[in-house]
Every structure is written in structure tokens, then in C-alpha cells.
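Reading through the C-alpha cells given below for one structure.
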Amino acid sequence: MSVIPLSGNRSFSIALLLALWQLALPSNAAESVSFSEAWQALLKNNDGLAAERANIDKNKHLQDAAGDLYLPKVDLRGRYTYFDDDIELKPSQILDRMNNAPDLGELFPNVAGELNEALTTQIAKQSQFKSSVTAIWPVFTGFKIEAAQDIAHYRTEEARHLLEMEQHAKFEDLAKIYFGTVLAKEVLRTRVQVEEGLQKHRDIALKYEAQGQIAKVERLQAEASLDRATVERKKAERQVEIAQIALTQMIKSQDNTIPSSALFTNETIPPKSDFLRNTLATYPGLNLLSAKREQAKGLVKVEQGNYYPDVYLFGEYNVYEDDSIVSDLRPDWIVGVGVSVPLLDPGGRSGKLNAAHSTVTQVDYLRAQATRDLTTLVEKTYRESQQALEEYAGLKSSIELAEENLHLRSKAFSQGLATSIDVIDAELFLASIKTQRLVASYHYVISLSQLMAISGGINNFESYQNKSAPEVQ
């Protein structure tokens, strides 16, 4: 069996190895995923987002519970009582409590004792049991119930805004990791191109050295540069592996995730005023503070309600009671209206009311500060996106220059008019400009994703991908 020598075909072998590495990097299957698909997978599988959704459900249940505050409270009560003795009523006790009443002995001097014993009545037994149904129905509570329901409602709104904020943060994180993986793959491709170019240069240097056209040091420079390029290519491979592992873990994919979306740029983006207007109108952090302000206002109503009387209906129905005179005298049911007027409250009503007003003021200041911070953030991020676009566009001529320079240096070297180091520098300069341009496009994509997140335009991000400029190279 013949063996194909690789010394003269190393560029082919590098490309072949790279292709095999991309197909068989992990032991398990690979899955090509677009950024949109990765985002949908993250929304579905992320545990942090699931926890925020559970928090919304919790607050919804609490809101439903607050809706029941106007319902009457109905209890079935049972009570067993044990006295030290039976409760009895004697005629002598009645006469003793009557004003100017004669003594029983004076009325019946001969039979007072027997009569007193004979007429003694058992009021209640030593042990007794009673059960009843009681109901209390609030009619007016000083608006405390309405305030509690408002607070529960805005707590649910707060939970929704927390979920939105978490989604925006995850979108930014995904953009960094996803397009960071794309950047790593593009950098790897550049490193492979450098290695292939230096491989060709080394092969030419070997031939020229054998022909006596260049000195040994020229060939050694070509060898050393090729070895360094190989090291850089392997390092880039490891960086791609690490990035793909992070992306796979983030979207909780069962297979190794390979991004299919490319880095991109746009000719123009909407004016900064559009992003700022949408941010101040839709940013969930501001809406969250608005929900907190409504909760604070509800707390003010609760504390103010402590100065109002409580009015309620009440009723009781006896279900079972022992056979005794007390039970016979007690009515089977009662209904009524109750009023509770607070006169002196040791709980510090005025202090709590003032604290509630201070909470409203505190939230107002926090919202004002958040508005200023968001304005600064939009300004900063927008300028970063513009700077990245300018850098990307400005490097186009540099790439053309670097490619032409490499062509001329390689040709001059073949004619003995340039040194090996000239070719190497030209090759590395071209690679550095390509990498710099890739990084500029990456910075643009990240800045754009941040603008989309804070301005509520996450769903519009894909449209910027679709109308992007020619693919980044």
C-alpha cells in the first residue's frame, strides 16, 4: 500500500483535519442552531426564567387570595368545659340577692331547709359541650381591603417585570456567548489561513535553500513562523471548543451546539432618539419601579385605614348544646352589627403612615435616577455600535492593502528581492487586520443586542440579521 507524503501537502492536510475536527469534535452528535433557535431554546429550558415564571404564579395565587378578603369568615366551633362542680341555684341565694327580702327561714321557719333543698335547680352540669357556627362579614374596613388587593395586584405586575428583566439579561448573555462562538470560529479560520500561507512559504524557502538562493536563516525564520502559527491555530481550536461547550450548556442542548448564524453589520440603524424613547416607555426596570410605587401607595392607604372605624356583621347559630336551663335560656341564633373605633393604638399609626409616604418618595427618586442611568446607557451603547460600524468599514481598505502587500512580498521573495521576514510580516499583518475587523463586527452585534434588549426590541433583532450588509469576512 502506497503512502501519500504530507510534507509537501501540509496545507491540504490542515484543511482536512479542520473539517474532520468540526464534524467530530464531541463524541456525541452535533446540532446546527441559528441564533433565533438558540433564543427559543433558552426561553424554554433556562431554570432562572422558569423560577421567575413560578414567582408570577405564586403572586397570582396571592392576588386571588386577596380577592377573598370581602367574603365572610365562617367557623364551626366546638367547646368542652369542665367546672369544679355543678352550677346550682337555690331559693336562699335568690332571696339573699333581693333588697329588703326576708330570709327563707323567716318565711318558712319549720321547713326552710327542706324547702331550700327541694327547690334547688341545676343551672349547668359540671361538664358541658357546645358547638356553633359563627360568621363575621366585614362591611367597611377603612379601605384596607381595597388597598391590600391593589398591593397584591401590583406585586404580580412586579413579578412579570422581573421576568422581563431576566429575559433581557439572558438575551444579552446569549448574544455574547453565541456570537462569541461565531467569532472564535472565524478567528480559527483566519489562523488556519495563516498556517496554510506560512506552510507554502516554508515549502518555497526549503526549495530556495536547496538551490542556494537564500541563506539558512531565511528558511529557519519560515520554520519558526510556521510553528508559531500552528500553536496559535491549536489555541484557537481550544477556544472554539470552550465557547461551544458554554453555548451548549446555556441552552441545555443534548447535542453539541454549532452556531449557524454569522456575524453581521448593518449600513445604518435607527436614530438614537428612537431607542431612547422606546427604552423609557417599555424598559421593565422602570415599570417595576412603577409597580413598587403603587404598592407603596397601597401601604399608605392601609395605614390611613387604621384611623377609620371597622364595621362588620356577625352572627352565630347553635348546632348542639347540653340540656340545661342555661341552654334553654340561650337563643338558638343571633345576628348583629359591630363597630370598632380605634381610639388609642400603641402600634405607632402616625409613624407607620409617615414611613409609607417616605417609601413613595424613595421610589420616585429611584425611578428618576434609573431614568438618568438608562439615558446614559443608551447613549453609551449607541455610540459603541456606531464606533464598531465605523471601525469595520474603515478596515476594508486596510484588508485590501494587506492582501496586496502580501502578494507583492511573496512575489519579491520568489525573485530574491525580499526576505523571509518580509513575507511573514505581511502574512501576519493581513491576519491581524482580518481579526480586528471580525472583532469590530462582534462588538457591533453585541452593542445592537444590548440596544434591542433595553429598548424592548428583542423580537426585532432577527430583522437586523436579515437585512445585514454582506457577510463579515
Side-chain angles (χ1 to χ4, degrees), residues 52 54-79 130-165 284-319 330-331 333-371:
E52 294 298 337
N55 186 42
I56 293 177
D57 292 338
K58 179 195 75 173
N59 283 280
K60 283 182 177 178
H61 295 315
L62 292 176
Q63 183 179 345
D64 293 339
D68 295 337
L69 291 175
Y70 270 123
L71 298 178
K73 185 177 184 296
V74 181
D75 296 323
L76 174 61
R77 299 182 180 181
R79 184 176 65 187
K130 174 188 175 184
S131 65
S132 61
V133 175
T134 62
I136 298 178
W137 196 343
V139 177
F140 177 73
T141 61
F143 308 107
K144 291 192 289 291
I145 289 180
E146 294 88 340
Q149 292 173 339
D150 289 342
I151 291 174
H153 168 73
Y154 284 106
R155 280 179 178 167
T156 303
E157 292 299 307
E158 178 185 348
R160 288 195 178 97
H161 298 317
L162 284 172
L163 172 61
E164 292 175 1
M165 289 187 65
L286 294 179
N287 295 332
L288 184 147
L289 289 173
S290 297
K292 282 188 173 294
R293 188 179 192 278
E294 295 300 324
Q295 292 176 51
K297 289 171 61 178
L299 184 60
V300 170
K301 291 182 181 179
V302 169
E303 299 303 333
Q304 289 174 337
N306 290 327
Y307 288 90
Y308 293 96
D310 289 336
V311 181
Y312 56 92
L313 302 177
F314 66 90
E316 180 176 355
Y317 178 78
N318 292 325
V319 178
R330 184 186 296 118
W333 58 270
I334 58 172
V335 294
V337 179
V339 179
S340 174
V341 181
L343 299 178
L344 181 63
D345 185 357
R349 290 180 298 179
S350 61
K352 290 180 179 179
L353 180 58
N354 292 332
H357 282 297
S358 297
T359 301
V360 175
T361 304
Q362 178 190 17
V363 175
D364 288 338
Y365 283 123
L366 289 174
R367 199 179 194 283
Q369 183 63 49
T371 301

Could you pull out every donor-acceptor pair under 3.5 Å between side chains of residues 339-350 and any protein atom, sequence neighbours left out?
{"from": "Asp345", "atom 1": "OD1", "to": "Gly347", "atom 2": "N", "distance (Å)": "2.9"}
{"from": "Arg349", "atom 1": "NH1", "to": "Asn306", "atom 2": "O", "distance (Å)": "3.0"}

Problem - Test item: Glu316 side-chain N/O and Ile334 main-chain N/O as donor-acceptor pair under 3.5 Å - result: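 Side chain of Glu316 to backbone of Ile334: no pair is present.
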
Problem - Polar side-chain atom of Asn318 near backbone of Pro331 as donor-acceptor pair, under 3.5 Å - result: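 Checked: pair present.
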
Taking the side chain as every heavy atom from C-beta outward, state whether [X] and [Y] have any atom pair closer than 4.5 Å.
X      : Y      : answer
Lys58  : Arg155 : no
Leu286 : Thr371 : yes
Leu353 : Val300 : yes

Once rounded to the nearest 0.5 Å, what's the spacing between atom [atom1] of [X] and atom [atom2] of [Y]?
X      : Y      : atom1 : atom2 : result
Gln149 : Gln63  : CD    : CD    : 9.0 Å
Leu69  : Lys144 : CG    : NZ    : 11.5 Å
Ile56  : Leu162 : CD1   : CG    : 8.5 Å
Asp150 : Ile145 : CG    : CD1   : 12.0 Å
Asp57  : Thr156 : CG    : OG1   : 10.0 Å
Glu157 : Leu288 : CD    : CG    : 10.5 Å

Heavy-atom closest contact ([X] atom, [Y] atom, distance):
X      : Y      : answer
Met165 : Gly285 : SD-CA, 3.6 Å
Ala370 : Leu289 : CB-CD1, 4.0 Å
Ala147 : Lys301 : CB-CB, 3.6 Å
Thr141 : Asp310 : CA-OD1, 3.3 Å
Ala66  : Ala148 : CB-O, 4.3 Å
Val337 : Phe314 : N-CE2, 3.6 Å

Show me the side-chain donor-acceptor pairs of residues 291-299 shorter than 3.5 Å, one per line, residues at least two apart or across chains.
{"from": "Lys292", "atom 1": "NZ", "to": "Glu158", "atom 2": "OE2", "distance (Å)": "3.0"}
{"from": "Arg293", "atom 1": "NE", "to": "Asp364", "atom 2": "OD1", "distance (Å)": "2.5"}
{"from": "Arg293", "atom 1": "NH2", "to": "Asp364", "atom 2": "OD2", "distance (Å)": "3.4"}
{"from": "Gln295", "atom 1": "NE2", "to": "Tyr154", "atom 2": "O", "distance (Å)": "3.3"}
{"from": "Gln295", "atom 1": "NE2", "to": "Glu158", "atom 2": "OE1", "distance (Å)": "2.7"}

Exercise for the section: Count the heavy atoms belonging to other residues, nucleotides or ligands that lie under 6.0 Å from CZ of Arg77, then report whether that count exceeds 12. Expected result: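 Count not over threshold, so no.
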
Practice task
Evaluate whether atom NZ of Lys130 has more than 12 neighbouring non-hydrogen atoms of other residues, nucleotides or ligands under 6.0 angstrom away.
Solution key: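 It does: Lys130 NZ has more than 12 such atoms within range.
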
Exercise for the section: Please name all residues satisfying ring-ring contact (aromatic ring centres under 6.0 Å, His included) with Tyr317, sequence neighbours left out, ordered by chain then number. Expected result: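 ring-ring contact (aromatic ring centres under 6.0 Å, His included) list for Tyr317, sorted by chain: empty.
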
